[in-house]
Amino acid sequence: MNEIAIKRDGQIIDLQTAKELGFEGEQIHLDNSEDSLEVLRHSTAHLMAQAIKSLYPDTEFYVGPVVKEGFYYDFKTSAEIGEGDLKKIEKQMLSFAKKKYPIEKYTITMDEAKEKFKDDHLKLEVMKRIPDENVSIYKQGDFEDLCRGPHLPNIGLIRYFKLTKIAGAYLGGDSKNEMLTRIYGIAFADKESLKAHMEMLAEAAKRDHRKLGNEMKLFTFREEVGAGFPIWLPAGGRLRARLESLLFKAHRKRGYEPVRGPEMLRSDLWMTSGHYQNYGENMYFTKIDELEFGVKPMNCVGHIKVYEDELHSYRDLPIKYFEYGVVHRHEMTGALHGLFRVREFTQDDAHIFCTAGQIEEQIIEVVDFVDKIMSTFEFDYKMMISTRPDKAVGSDEVWEVSTQALKNAMDKNSLAYEIDEGGGAFYGPKIDIKITDAIGREWQCGTIQLDFNLPERFKLEYNGEENDKIQPVMIHRAILGSFERFIGILTEHYAGEFPMFIAPTQVAIVPVASSHKEYAKVLSDKLIDINADSEIYAKNDSLNKRIRTAEKTRVPMIVVIGDEEIQNKTVAVRDRRTREQYNLSEDDFLKLIQTKINEVNF
RNA sequence: GCCGACAUAGCUCAGUUGGCUAGAGCAGCUGAUUUGUAAUCAGCAGGCCCGGGGUUCAAAUCCUCGUGUCGGCACCA
């Protein structure tokens, strides 16, 4: 095994640096451990830079870090580089790697470095951000790069890598700056791991909800309709309706009342709420007889108007309103992505109006609700508390108090969370729920937001025990986040093979011959009675063909019926995954379906 | 919004350096076949080649402006 670096006090130190400083420590070998890949991928980024520099000599380089999905390097060159050039760069990298240049390190002063890279305005930009007096230079062959390391001892160790994508990226991640070219890549210690990684990417592509949504006829988009406006097709409509009705029951059980606010409200209301000032650029406005209206980007103002419809006593709190609220937001064109980012979507939105003393229990109740739903779908998840953003309403004290209240609720119940500084909504801090899907990807869906600001801005109140007027606290929350995004995630999570309780169609009925169609219809009606959707495959095709067609729709259960079944009042069940078949009496079959549908309750 | 790529039948894709009537598979329709667990056979029909403008004797192909999509960046359920 090749030693490539050492670990000392939790820091990875490359051999060049260890030798220079006389350090010793635990050896890191070239394998697929986190530490080893960190070094390997960093050096692969440098090798890529070396190859790019040799192919495009006027290239200037910014930074080339290791990231979760591999590594990248940002650079700028006069040549136009496209996807087709990645192969060429890979080839050049391999030819350099074959030369087995050692990677050498030396240290120079910042002034010397500035002189050395005086023609590279991007490297100068990098140096502006380094406070140190001395900087290190890594050299391989005749390529030199300013870098803090750590690196492999020799580029010959780099063999199993792949450049995956090319894209634009703003210098320093700031959209006010110029745009650079970024190439992403991945590297592993052995061939098999690289292959496995590429297969994982292919698997993810197979699960893409845009592809499956099209194949399974769940939803579509049309150029003439407009970007970001999804069209729900019948199969998607059925899936969505199942989700909606399960969730409706779950809300009622927990004391939520269904309400509905208007799709657009007068602009002066949005000024009162602060949306006009803080969220206006994401809103759509229109005029009705000279009065300006804003199409709602959120449902809170509507629910506030519901709250204001009557006087409330402390005895009534908490009051919980929920709505499958359709919202419109002006997302930037480049942000649109299938069902994950759209311009019109439906939130499973609710607002809880409660006393300050009820905050904690209400938050815990919502967290439990979230847990119930996420575990039903077999999602792991984690929670993240987001604090005050730059653009915000309300005083620092209010923000401090509400942020602390969220933390307290979590801490007291020993719930783990991470902090996202500045990630809150403009009216309050929030707990975001990040779920991890079947192949390990993270998604942001649900959110719990604590709000002292809107109750203040709308002068909301309830009568306290002393008949005094007290301002309630508002909790905004969504569990799925939006039906659009959540269904997109579910589609990828299950690779289109939805479990019975949520599938667009529960059963495919395949009559052997046309004489069995009548019984198929009888069975289908019985299924509707137990709230199961079925589809009869009675087209003029061979039995094999119809079974194949049914299989391809990913329906969870296929039943075949012929003379035998009709005579015995049974069905021949076919499990689409295992291709196994077994017979059930009609009654048992219906009970089975009913159980599978009803076993899920949020 | 920014950088780059792309847009041909309902879907997946061919279409040569600009040149004859733009092709295939699947899906659809018609007919034959009536099938016992992953593609029966034959025939038919499907296209303003994303939209506008231009170059050219000639444009699906080249240029240009839109629209939409994809990969990222930035922004967010």
Side-chain angles (χ1 to χ4, degrees), chain A residues 69 72 74 76 80-85 164-184 205 208 210-211 214-215 217 220-229 279 281-282 297-298 325 327 329-342 345-349 386 389 423 425 430 432-433 443-447 449 476-486 488-489 510-517 537-552 558-565 572-576 579-581:
Chain A
E69 357 19 87
Y72 67 78
D74 284 352
K76 196 175 175 99
E80 293 235 329
I81 304 185
E83 220 146 297
D85 298 307
T164 50
K165 43 200 165 196
I166 179 163
Y170 293 109
L171 189 157
D174 189 333
S175 57
K176 288 193 267 306
N177 291 338
E178 64 181 307
M179 185 149 268
L180 311 176
T181 303
R182 172 176 297 182
I183 295 181
Y184 283 92
D208 192 310
R210 292 166 299 186
K211 184 172 168 284
N214 182 32
E215 271 175 35
K217 299 260 173 225
T220 188
F221 290 91
R222 309 218 116 213
E223 181 177 347
E224 67 271 26
V225 169
F229 293 103
Y279 205 75
E281 53 194 25
N282 290 307
M298 300 181 194
V327 295
R329 296 183 186 176
H330 180 241
E331 301 292 346
M332 281 186 285
T333 50
L336 301 175
H337 181 104
L339 285 183
F340 290 166
R341 272 301 265 294
V342 288
F345 57 99
T346 308
Q347 297 180 303
D348 59 324
D349 205 4
S386 303
K430 59 179 182 172
D432 280 332
I433 289 74
W443 307 96
Q444 216 252 274
C445 290
T447 178
Q449 309 176 352
H476 309 243
R477 49 109 287 194
I479 294 175
L480 308 184
S482 76
F483 285 93
E484 285 74 8
R485 180 177 288 183
F486 196 75
I489 294 168
V510 185
V512 172
S514 56
S515 58
H516 311 124
K517 271 197 220 171
Y537 286 78
K539 240 187 63 181
N540 187 13
D541 274 327
S542 68
L543 179 68
N544 284 350
K545 177 69 178 290
R546 284 177 289 139
I547 285 171
R548 178 184 150 85
T549 308
E551 292 279 11
K552 284 179 71 179
I558 297 176
V559 300
V560 177
I561 50 173
D563 288 336
E564 227 175 279
E565 285 75 21
V573 176
R574 180 190 161 96
D575 186 305
R576 71 164 297 274
R579 295 193 193 175
E580 275 168 8
Q581 301 158 41

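Side chains are part of it too, since the values below use all heavy atoms of this structure and drop only hydrogens, waters and symmetry mates. A note on names: the letters A, B, ... follow the listed sequences, proteins ahead of strands, and every chain is numbered from 1. Since we're looking at a predicted model, the values are computed, not measured.
For rG23(B), the paired nucleotide is rC13(B), the pair qualifying as Watson-Crick or G-U wobble because both relevant distances are below 3.5 Å. Judged by Watson-Crick or G-U wobble contacts below 3.5 Å, the nucleotide rC41(B) has rG31(B) as its partner. Under the Watson-Crick or G-U wobble criterion, with both distances below 3.5 Å, rG1(B) is paired with rC73(B). Under the Watson-Crick or G-U wobble criterion, with both distances below 3.5 Å, rU61(B) has no partner in any strand shown. If you check rU56(B) for Watson-Crick or wobble pairing at under 3.5 angstrom, you find it has no partner at all. In this structure rA7(B) sits in a base pair with rU67(B), meeting the Watson-Crick or G-U test at under 3.5 Å.
Within 4.0 Å (heavy atoms only), K539(A) reaches sugar-phosphate atoms of the nucleic acid but no base atom. Counting non-hydrogen atoms under 4.0 angstrom, L543(A) reaches the backbone sugars and phosphates but no base. E215(A) comes within 4.0 angstrom of no nucleic acid atom, judged by non-hydrogen atoms across all strands. Among the heavy atoms of the strands lying under 4.0 Å from A572(A) is at least one base atom, whether or not backbone atoms are also near. At the heavy-atom level, E565(A) lies under 4.0 Å from base atoms of the strands shown.
With rounding to the nearest 0.5 Å, the separation of CE in M179(A) from CG in D74(A) is 9.5 Å.
No hydrogens or angles were tested; on distance alone, nothing pairs the side chain of R546(A) with the base of rA39(B) as donor and acceptor under 3.5 Å. For E281(A) against rG1(B), a side-chain-to-base donor-acceptor contact under 3.5 Å is absent. Looking at N540(A), its side chain comes within 3.5 Å of the base of rU33(B) through a donor and an acceptor atom.
Within the 3.5 Å criterion, the main-chain N or O of D541(A) finds a donor-acceptor partner in the side chain of R546(A). Looking at E224(A), its side chain never comes within 3.5 Å of a backbone N or O of G226(A) through a donor-acceptor pair. With D348(A) contributing its side chain and G481(A) its backbone, the two residues share a donor-acceptor pair below 3.5 Å. The closest donor-acceptor contact from the side chain of E484(A) to the backbone of R341(A) lies at 3.5 Å or more, if one exists at all. The backbone N or O of P297(A) sits less than 3.5 Å from a side-chain atom of R329(A), completing a donor-acceptor pair.
rA24(B) and rA45(B): their C1' atoms are spaced 16 Å apart (whole Å). Separation of the C1' atoms belonging to rU17(B) and rA59(B) is 14 Å when rounded to the nearest angstrom. Between rU67(B) and rC29(B), the distance separating the two C1' atoms is 33 Å to the nearest Å. Comparing rC63(B) with rU55(B), their C1' atoms sit 7 Å apart, to the nearest whole Å. Rounded to a whole angstrom, the distance from the P atom of rA7(B) to that of rU64(B) is 16 Å. Comparing rU61(B) with rC50(B), their C1' atoms sit 15 Å apart, to the nearest whole Å. When the C1' atom is compared between rU8(B) and rA32(B), the two are found 34 Å apart, to the nearest whole Å. For the P atoms, the distance linking rC26(B) with rA60(B) amounts to 28 Å, nearest Å.
A sub-4.0 Å separation between OP1 or OP2 of rU34(B) and a side-chain N or O of K545(A) is absent.
Counting only heavy atoms from C-beta outward, the side chains of Y72(A) and T164(A) never approach each other to under 4.5 Å. Looking only at side-chain heavy atoms (C-beta outward), N214(A) and R210(A) stay at 4.5 Å or farther from each other. Counting only heavy atoms from C-beta outward, the side chains of I489(A) and F340(A) approach each other to under 4.5 Å.
Rounded to an integer number of Å, the gap from CG of D85(A) to P of rA5(B) is 10 Å. Atom CD in E564(A) sits roughly 12 Å away from atom P in rG36(B) (whole-Å rounding). Rounding to whole angstrom units, CG of residue D74(A) and P of rG4(B) are separated by 15 Å. Between K552(A) atom NZ and rU12(B) atom C1' there is a gap of 11 Å when expressed in whole angstrom units. If you take CZ of R548(A) and P of rA38(B), they are 11 Å apart, rounded to a whole angstrom.
rG46(B) has its base syn relative to the sugar, with a glycosidic angle deviating from 0 by at most 90°.
Comparing G562(A) and K217(A), the nucleotide of RNA chain B nearest to each residue sits closer to the 5' end for K217(A).
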*Sequence-aligned protein contact record of nucleotides 64-77 of chain B, with B where the base is within under 4.0 Å of a protein heavy atom and S where only the sugar-phosphate is*: ---BSSSBBBBBBB

